[in-house]
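Every chain is numbered from 1 and lettered A, B, ... according to where its sequence line falls, protein lines coming before strand lines. Note that the coordinates shown come from a computational prediction; the quantities given were computed from them, not determined experimentally.
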Amino acid sequence: MPVSYPITPLLPEIVASLAGHPRLVLEAPPGAGKTTQVPLALLEAAWLGDRKIVMLEPRRIAARAAAEFMATQLGEDIGQTVGYRIRFDARIGPRTRIEVVTEGILSRMIQDDPSLEGTGAILFDEFHERHLAGDLGAALALDVQANLRPDLRLIVMSATLDGERIAQWLDAPRISSPGRSYPVRIEHPPARTQETVEQHLARTVNQALRETDGDILAFLPGRREIERTRAIVERQHEGVEVVALHGELSLAEQHLALAAPDPGTRRVVLATNVAESSVTLPGIRAVIDSGQAREPRFDPQSGFTRLETITISQASADQRAGRAGRVAEGVAYRLWPQSRRLDAQRTAEIAQAELSGLVLELAAWGSEDIPWLDTPPTGAMGQARDLLRRLGALDTSRITTLGRKMLALGASPRLAAAALRAPPELHPLVADLLALMEARSPLRGELGRTDDFRARVAALHLWRDGGARGARAGSADIAALAAIEKAAGGWRRRLGVRTGASGVPHAHAIGDLLAHAFPDRIARRDEGNAMRYQLANGRGARLHENSALHGEPWLVVLDLKLDARDSLIFAGAPFDPRILEIEYSSRFVTERVLRWDDARDIAEAFEERRFDALVLERKSVPVTGADALPALLAAIRAGGIEALPWSETARRLRARMGALRVWRPELGLPDVSDDALLASLDRWLAPYLEGKRRLSALQAADLSQAIAALLDYDQRRALDADAPDELRVPSGMTRRLGYGTLPDDPGASPVLSVKLQELFGLADTPRVGAGRVPVTLHLLSPAGRPIQVTQDLHGFWERTYPEVKKELKGRYPKHPWPDDPWTATATHRAKPRGT
DNA sequence: CTCTCCCT
């Protein structure tokens, strides 16, 4: 008797649509029967011939369950018409026509046989989850269909789907099926001011207990929030069973959550996203949704992935609410305002994940230009290529032989690189590391908090050697160890190893192997602070207070919490730094590094030996003229032109040059302003710095010479003539000209300070600048007191001198004060010479 | 002193 499903009436339409068009989008909510009924219906399609159907499932449990369900429906055993293929486990027979596979398997199948010989249709189940492997598989399949296999049928199936966009991407018709579920009433209980999510949720639990029958499922972002909420709910209610459900729980604990509660007991399940898709809970009548989830976000800048608490999408909210309507009408309480708009769909994993596995697949495929639904972001792609080059999987952008082997091994690129570098005698240990690295830590209790990764390996070995009694009571989850051992067995088969590792490997064996997987996360202890480490990628990290790794000089960091300052190391293993010399000799550089020590006013040279950003050795080396020069010039640029040892001579020389440049531009004198001198240090000053290590070794005389050398011979002669240092006055003495200070006004008239009597006999103001600029006379009394400032000596003699003379005569009677200064003899003494 | 989930 064929059982009827909501999707059953649509099956002929689905088959017919695919006969006319090789792609289809099928939207059907949970309970419609699409996962099991569609593959069986396609089996009868004429266009399929005797080809196979491949169906992708995002989870191994779902793949196995779907295959079993279909086999049962056919009245067969699994491995006959219907089989499955997941990692380390396949039940496929010679007659198998429907293969249910997990997402990673499809890219393997396509890479191994791009024409997909013998496959007539591929179904992508639960495509709305938008896993990385699903997106890649779909894009590869579309590429195959477009270029090699136009007859290949592709069916994208989903519960909640961005149907219009997907249909456009696929250029495919859409068929929608009703589901089999009951109506769910949506409520938005408002939060009180200052209320935490946990308090709000606990209050809503009370409301749900009053308003509904059956069990309550609440969604929270993480374990911490679950524990806080549990504390509040348990305080408020007796006779209510509160169950936590999250990924860190043992299988036994998860089973407890899934088992039916005692009759008459209301149960409240506090869950993370596990309960959104992976775990099915019976008997839920009310859902309480915090609207939050935690998701990994890859940061290409740092190369690390961190968990972020995000606001869920509308599709997730609907999925969560749907959990309340499986058995009867239900209620969903949403802890956010009804007015808030959520994003329609969740962000695809491809947009926010680490992409080294994807890039390796694409390198093997030979093209990144395949029909993506969402194109992978360039930043993460670039980071992935860098990592793959570092691991030896790519040279520039082509896949290497090692890269192909890594892909064939089927571990993440990092772990695959480490596995393939290991000598065969270590393969048993490698198998354990692959299994342990891919699983959550099996350690529990006190030991669960250790950051020494070796403790996980030790727990596995103890358990393997001595069974459940071998593992110390309470310090490890036996079920988790069993699952890890199963995976390790799979890796052993793939590596061609018969027996598992046992006993205690030497202290560095584990770190030495894993260092090959995380060459960018090699860490060296700080010299000053034993809790701090420097990572090879240039970042800082620290151990937590009770670290078991304290004292290790070298670590490979396996897991950390990213922080702008020092990240916190969650897991690591010590290793022997000699492997770096042996295996990564090309990443060592020895470089001369020059530094200016401002406090000591000295250029220092070091020879540094580095591994990436880690400075391993630094020794002082003599500073040669050639390499001190850049440091000195940089120091001068930093300190400014005034920091140079300017002598009075040099200052005056520079001032005169500045003046003449303005007075006689036709001479083409160089610009000697601060900015111009700083900008051209390497031309005019560099020759005088040669061989010097300290700035103070630059003598004032050097600077004067360097300034003077800015002029050629003709300019120098013009300078002496037209911007002279001093002027001879009628008394026969020479007096200095005062030039303005740069850069105030380089062309200002220079000042000649002179006693009045020294100018007797001089009719007019002396001029400089080839006669273009009168000097500014500061006329002084015999005692040097200022009498008058003027640029018009002639006018002074004529108009002012008669007045001034009277006064000066009284005050300085011993000095000559002639009535006719034009013809008088100039003197700098009290009495004219020879009188 | 800590973290959702999934997979070759």
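- If you take CD of E349(A) and P of dT4(B), they are 16 Å apart, rounded to a whole angstrom.
- Checking dT4(B), dC7(B), dC5(B) against the side-chain heavy atoms of R60(A) singles out dC7(B) as nearest.
- Under 3.5 Å, the side chains of S158(A) and H128(A) contain a donor-acceptor pair of N or O atoms.
- In this structure, E308(A) atom CD and dC3(B) atom P are separated by 13 Å, rounded to whole Å.
- We find that CZ of R306(A) is positioned 19 Å from C1' of dC5(B), with the value rounded to whole Å.
- Applying the 5.5 angstrom centroid cut-off and the 30 degree plane-angle cut-off, the aromatic ring of F570(A) is not stacked upon the base of dC1(B).
- Atom pair D125(A):CG and dC6(B):C1' shows a separation of 15 Å (rounding to whole Å applied).
- Between R440(A) and the phosphate of dC5(B), there is a side-chain N or O to OP1/OP2 separation shorter than 4.0 Å.
- Of the N and O atoms on the side chains of H131(A) and E349(A), not one donor lies less than 3.5 Å from an acceptor on the other residue.
- Here L148(A) contributes atom CG and D143(A) contributes atom CG; the two are 8.0 Å apart, rounded to the nearest 0.5 Å.
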Legend entry - Criterion side chain to side chain contact (heavy atoms under 4.5 Å, CB included) on I166(A) and L373(A), from CA distance to verdict: CA-CA 8 Å; I166(A) 306 247; L373(A) 176 53; 3.8 Å; yes

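- For the residue pair S115(A)/D113(A), the side-chain donor-acceptor check at 3.5 Å is satisfied.
- Put simply, the residue from D526(A), D566(A), L543(A) that forms a side-chain contact (heavy atoms from CB on, under 4.5 Å) with M531(A) is L543(A).
- Listed by residue number, T102(A), G104(A), I105(A) are the residues of residues 98-107 of chain A with a heavy-atom contact under 4.0 Å to DNA chain B.
- Atom P of nucleotide dC1(B) and atom NE2 of H544(A) are separated by 9 Å, given to the nearest angstrom.
- In this structure, R334(A) fails the cation-pi test against W336(A), since its NZ or CZ atom is not both closer than 6.0 Å to the six-membered ring centre and inside 45 degrees of the ring normal.
- As judged by a 4.0 angstrom heavy-atom cut-off over every strand, L132(A) is placed among residues making no nucleic acid contact.
- Between dT4(B), dC3(B), dT8(B), one nucleotide has an atom nearer to the side chain of R224(A) than all others, and that is dC3(B).
- When heavy atoms are screened at a 4.0 angstrom cut-off, P58(A) is found touching the sugar-phosphate backbone but no base atom.
- In this structure, the nucleotide among dC5(B), dT2(B), dT4(B) sitting nearest to the side chain of V274(A) is dC5(B).
- Residue whose closest nucleotide on DNA chain B sits further toward the 5' end, between R494(A) and G448(A): G448(A).
- Taking 4.0 angstrom as the limit, R108(A) places none of its side-chain polar atoms (N or O) nearer than this to OP1 or OP2 of dT8(B).
- Across all strands shown, A411(A) has heavy atoms under 4.0 Å from base atoms, whether or not it also approaches the sugar-phosphate.
- Checking each of T229(A), L217(A), L335(A) against I288(A) for a side-chain contact (heavy atoms from CB on, under 4.5 Å) leaves exactly one that passes, namely L335(A).
- As judged by a 4.0 angstrom heavy-atom cut-off over every strand, I86(A) is placed among residues touching the sugar-phosphate backbone only.
- Atom pair E225(A):CD and dT2(B):P shows a separation of 12 Å (rounding to whole Å applied).
- No engagement by T309(A) is indicated, since no non-hydrogen atom pair under 4.0 Å with the nucleic acid exists.
- Counting non-hydrogen atoms under 4.0 angstrom, R449(A) reaches a base of the nucleic acid.
- Candidate nucleotides dT4(B), dC5(B), dT8(B) were compared by shortest atom distance to the side chain of L307(A), and dT4(B) ranks first.
- Close to dC5(B), at under 4.0 Å from its OP1 or OP2, lies a side-chain N or O of T272(A).
- In this structure, E438(A) places its CD atom 8 Å from C1' of dC7(B), rounding to the nearest Å.
- Residue N546(A) contributes atom CG, which lies 8 Å from atom C1' of dC1(B) at whole-angstrom precision.
- At a cut-off of 3.5 angstrom, counting only N and O atoms as typed in the model, there is a donor on one side and an acceptor on the other between the side-chain of D559(A) and the base of dC3(B).
- For residues 288-299 of chain A, the set of pairs meeting the salt bridge (Lys or Arg N to Asp or Glu O under 4.0 Å) definition, not counting sequence neighbours, comprises E225(A)-R294(A), D289(A)-R320(A), E295(A)-R297(A), R297(A)-E308(A), D299(A)-R306(A).
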